[in-house]
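Notes to accompany the following structure.
Below, chains carry the letters A, B, ... as their sequence lines are ordered, and counting in each starts from 1. Source: prediction; values computed, not measured.
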Amino acid sequence: MPGTDPIELQQAKRATSTRLEDPMRRRALLLTVLLIAGCGGDGDEPATDPATAPGFPVTVGDLTLETQPTRIVSLSPTATEMLFAIGAGDQVVAVDEFSNYPPGAPITELSGFEINTEAVAAYHPDLVVISSYAEVIPQFEALSIPVHLAPDTPRTVDDVYRQITDLGALTGQADGAATLVDRMTGDLAALVERAPDRPEPLSYYIEIDETYWTYTSDSLVGSLFEMVDLENIASEPGSVTIQLTAESIIDADPDLIFLTDAAFGVDAATVAGRDGWSGIQAVSNDRIVELDTDIASRWGPRIVDLMETVVDAVSRVP
Amino acid sequence: VRVRYWLVAGVVAVFGAATAGLAFGPVSLPPGAVALEVLDFLPGVAVDSGLPERQAGIVTQVRLPRVVLALLVGAMLALAGGAYQGAFRNPLADPYLLGVAAGAGLGVTVTIAIIGRSTTGLPVTVPLAAFAGALGAVGLTYLLGVAGGRDRSPPTLILAGVAVSAFLAALQTYLLQRHIDVIREVYSWLLGRLGGATWHDVRLLLPYAVVVAVVVLLMRRELDVLSVGDDEAASLGLHPQRSRYLLLGAASLGTAAAVSVSGLIGFVGIIVPHIVRLLAGNSYRTILPLSMLFGGAFLAVADLVAHTVDAPREVPIGVVTAFLGGPFFILVLRTARRVAM
């Protein structure tokens with residue numbers, strides 16, 4: 001498995017990027033962002049590197065890069081993980097405040113949620129990678145800074161592979177990206193193989209926070225878990241996250257409960273102690289699984305680690 | 001006679017709302033069994049409802065505390081609204097327009113963001129922080145309202161409240177940006193969160209609610225006298241300022257306690273006392289108890305709508321109170337054809 005030594009995981013757990021990457025939180029911040037982002041103007045010229053790597057110019061979507069970028073700013077923790085995993089880490093000069101993995105990433109106080117165009121421009125980037133707030137793209141364009149959007153709305157593992165491949169092309173690390181995708185594909189297939197076969201799928205509820213926001217069957221998590229015969233109690237086509245009522249969770253009687261809010265003080269004991277929850281299969285059979293908050297909310301290379309935890313949990317169910 | 005008739009109607013509304021809240025939900029359960037289960041939950045009564053453990057839990061551990069909490073919160077907000085309107089002699093006074101809710105909100109945000117969530121489980125920290133914020137806000141509004149115009153005229157006071165609200169909201173937003181990890185928790189809470197109601201919340205709110213209700217209801221006569229004017233009140237042997245401070249303190253404590261368990265739920269504090277006023281007359285001896293009854297019933301119904309209309313999803317309760325309350329208020333206003341105050 002890529003990068004799962006305990007110290008790194010501890011470091012990742014400490015930070016709290018995770019729940020930032022969900023739609024509700026983004027909506028909440030949107031207004032502020034619009035207000036704060038309202039400045040801009042003439043800025044620095046992009047740093048140009050005359051040493052052109054083979055394969056450039058390269059075009060991904062609407063974006064064409066004439067030369068290989070050497071001053072990348074990543075404003076997305078997931079994109080940061082992808083960039084380092086494909087071997088483009090040396091080209092990254094700054095990452096946002098929540099890019100806590102891998103530990104060597106050049107973490108700064110830049111925010112990926114209130115994107116301050118001027119502060120980013122101060123790093124003289126020749127490529128900026130964002131995962132949300134596409135509305136700042138015109139500002140970067142006005143400063144002639146290339147921007148790539150790796151959106152935070154993947155629904156399937158293929159969306160993840162596509163983002164990795166795109167980043168590989170843009171950074172001149174297409175080989176590294178292809179290797180990573182192959183390795184992830186192989187690892188996931190092995191995990192699916194390892195998961196026990198069952199006549200009936202197990203049902204699960206995955207908790208984002210203690211007001212019962214959850215990932216649905218239509219989210220990336222939903223599609224990943226489905227690969228190992230897990231069935232989401234929140235089947236809501238079209239929505240990645242929804243807020244459930246306690247009553248419907250109890251009634252759905254999930255076999256397993258996954259917690260992504262363990263880093264926020266919600267652990268198995270908290271859930272087991274909730275009024276009226278003791279009769280749920282997952283609670284009475286002690287099958288509440290605490291997931292790493294960062295890993296569970298990002299869609300980078302470490303979805304393999306996420307699936308390993310999940311398969312371990314599923315395998316323990318008789 | 002007419003007052004007694006309305007009191008009976010209020011009690012009926014509370015029981016009706018509670019029954020509906022227990023009988024209906026995203027999960028359909030047989031009403032007879034639900035009734036037996038609730039009876040069984042009462043101390044000293046033991047009957048077998050025949051419901052399996054999980055469904056019994058839904059009735060007594062999910063629906064019942066939720067209904068009770070909605071009744072208490074609705075009663076507190078409506079009572080506080082009525083008390084503010086009387087104490088300020090201002091029909092527009094309400095926990096939201098006066099900045100009280102924003103102050104309580106800031107208090108809770110500070111607690112969650114800075115002190116950290118591990119301590120928010122303490123039964124005292126959050127209500128006290130909310131109360132401090134609420135009192136600070138209402139004090140600020142009051143001072144600004146007095147400084148800005150003679151005799152706390154209605155528009156000046158409300159303008160002061162709006163300014164205070166905006167100021168406190170700005171502080172809160174800044175604080176959230178600095179503590180972005182709690183932003184979802186705080187926003188879920190801002191939109192109202194009866195969805196997580198537990199018996200723990202009920203136990204947290206109940207003592208405050210009882211104290212506030214007793215204090216405010218005991219002062220209903222003073223409120224009637226105050227509504228005539230400070231000079232007249234003084235000539236009747238009252239200390240208008242002292243009564244006013246006591247009322248504001250009690251109403252702010254009620255608001256703060258409600259806000260700290262349920263989040264910001266708008267519309268109840270201003271609409272319910274006015275509907276009561278339009279229907280049952282202008283005396284605070286009627287307005288206050290009826291506001292509690294109808295406020296509780298209204299919020300219980302709104303909460304039922306919030307968790308059933310889009311089941312299994314939860315709709316924020318504040319959305320429902322405004323959506324139901326706004327049109328209903330206009331309807332009452334038009335049919336009653338009487339000008340309040």
If we only count heavy atoms from C-beta on, is the A/Asp251 to B/Gln55 side-chain gap below 4.5 Å? yes
Around atom CZ of B/Phe167, are there more than 12 heavy atoms of other residues, nucleotides or ligands at under 6.0 Å? no
How close do [X] and [Y] get, counting heavy atoms only, and between which atoms?
X: B/Glu53; Y: A/Ser278; value: OE2-OG, 3.1 Å
X: A/Asp275; Y: B/Val62; value: O-CG2, 4.2 Å
X: B/Arg54; Y: A/Ile250; value: NH1-O, 2.9 Å
X: B/Ile58; Y: A/Glu247; value: CG2-CG, 3.3 Å

Strictly by modelled atom types, are B/Arg313 and A/Thr245 linked by a side-chain donor-acceptor pair under 3.5 Å? no
Could you tell me which portion of B/Val27 (side chain, backbone, both or neither) has an atom closer than 4.5 angstrom to a non-hydrogen atom of chain A? both
Could you measure the distance from the CG atom of B/Asp310 to the CD1 atom of A/Ile242? Nearest 0.5 Å is fine. 8.5 Å
